[in-house]
Amino acid sequence: VINNGGFLSAGFNAGTITNLGAINNTNSLAATSTNGVGVITSTNGTINNDGVIYEIGDSELNFSALTLSGSGGVFGGRFSTALFNSTPGTTTINGPLINSGKALVRIDGTTAEDFSVIEVLGAANLTGTTLEGVTPNTYVHSMGDDFEILTATGGVTGTFSATDLT
């Protein structure tokens, strides 16, 4: 069991975190590519996420047979202590996503690099998931703007239980 109340990252020096048991995350769990590719792998493990999980650059989040629980979020892009200060991007999850917490997104515009994307290479179950997002003051959305913020090669089941877009 890993109890993380700070910043747990794989990738500052091309590191790997392999979880076969449990990770309790109350702050940040990140796969980054600062000085090499970081990899977080959870196979038949659990992550209780009351913080935020994200991936930056060429790093990897590999989840197979993962149980992801908690009230925390999965963010598409570079997370920075607060959603408003974060940078949109794509977080790729290699495996299924079963998330009862939050899907966190930032929308700065309508072009692909201007909004967060959570890409699941597997099935995504959104039952009980809250969509939480922010649009900074510089972006004004219009009726009909379209954002594909979640993709799943194995299909999507369930719907967002609530949305909080500010």
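- In this structure, Thr90 OG1 and Glu113 CD are separated by 10.0 Å, a value rounded to the nearest 0.5 Å.
- Here the closest non-hydrogen pair linking Val156 and Ala152 is CG2-CB, 3.8 Å.
- Phe147 and Gly109 make their closest contact through CE2-O, 3.2 Å (heavy atoms, listed as atom of the first residue, atom of the second, distance).
- Residues satisfying the side-chain hydrogen bond (donor to acceptor under 3.5 Å, both in side chains) criterion with Thr127, sequence neighbours excluded, are Asn125.
- In the model, Ser71 has a side-chain atom that pairs as donor or acceptor with a side-chain atom of Asp50 under 3.5 Å.
- In summary, of the residues considered (Asn25, Asn99, Thr26), a side-chain hydrogen bond (donor to acceptor under 3.5 Å, both in side chains) with Asn49 occurs for Asn25 alone.
- In terms of the salt bridge (charged side-chain N to carboxylate O under 4.0 Å, His left out) criterion, residue partners of Asp108 (sequence neighbours excluded) are, by chain and number, Arg106.
- Between Gly6 and Asn27 the shortest heavy-atom distance is O-CB, 2.7 Å.
- Across all their heavy atoms, Ile118 and Val74 have their closest contact at CD1-O, 3.3 Å.
- Test Thr159, Thr157, Leu150 against Leu126 for side chain to side chain contact (heavy atoms under 4.5 Å, CB included) and you get one pass: Leu150.
- Remark: the Glu119 side chain and the Thr92 side chain contain an N/O donor-acceptor pair separated by less than 3.5 Å.
- Taken to the nearest 0.5 Å, the CD1 atom of Ile47 stands 4.5 Å off from the CD1 atom of Ile23.
- Leu97 CG to Leu121 CG: the interatomic distance, rounded to the nearest 0.5 Å, is 11.0 Å.
- In this structure, the separation between OG on Ser9 and CD1 on Ile17 is 6.5 Å, given to the nearest 0.5 Å.
- At least one side-chain heavy atom of Leu29 sits less than 4.5 Å from a side-chain heavy atom of Ile40.
- Side-chain atoms of Thr135 do not come within 3.5 Å of backbone N or O of Ile107 as any donor-acceptor pair.
- Judged purely by atom type and a 3.5 angstrom limit, Asn19 uses its side chain to pair as donor or acceptor with the backbone of Thr46.
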Task: Test log, rule side-chain contact (heavy atoms from CB on, under 4.5 Å), inputs Val120 and Thr151 - done: CA-CA 6 Å; Val120 180; Thr151 63; over 6 Å; no
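- Following chains of ILVMFWY side-chain contacts shorter than 4.5 Å, one can reach Ile93 starting from Ile149, so the two form part of one hydrophobic cluster.
- For the residue pair Phe160 and Ala103, the shortest heavy atom distance occurs at CE2-CB, 3.9 Å.
- Between Tyr139 and Thr110, the closest side-chain pair of non-hydrogen atoms falls below 4.5 Å.
- To the nearest 0.5 Å, atom OG of residue Ser161 and atom CG of residue Leu131 are 9.5 Å apart.
- Smallest separation of non-hydrogen atoms from Tyr54 and Phe75: CB-O, 3.7 Å.
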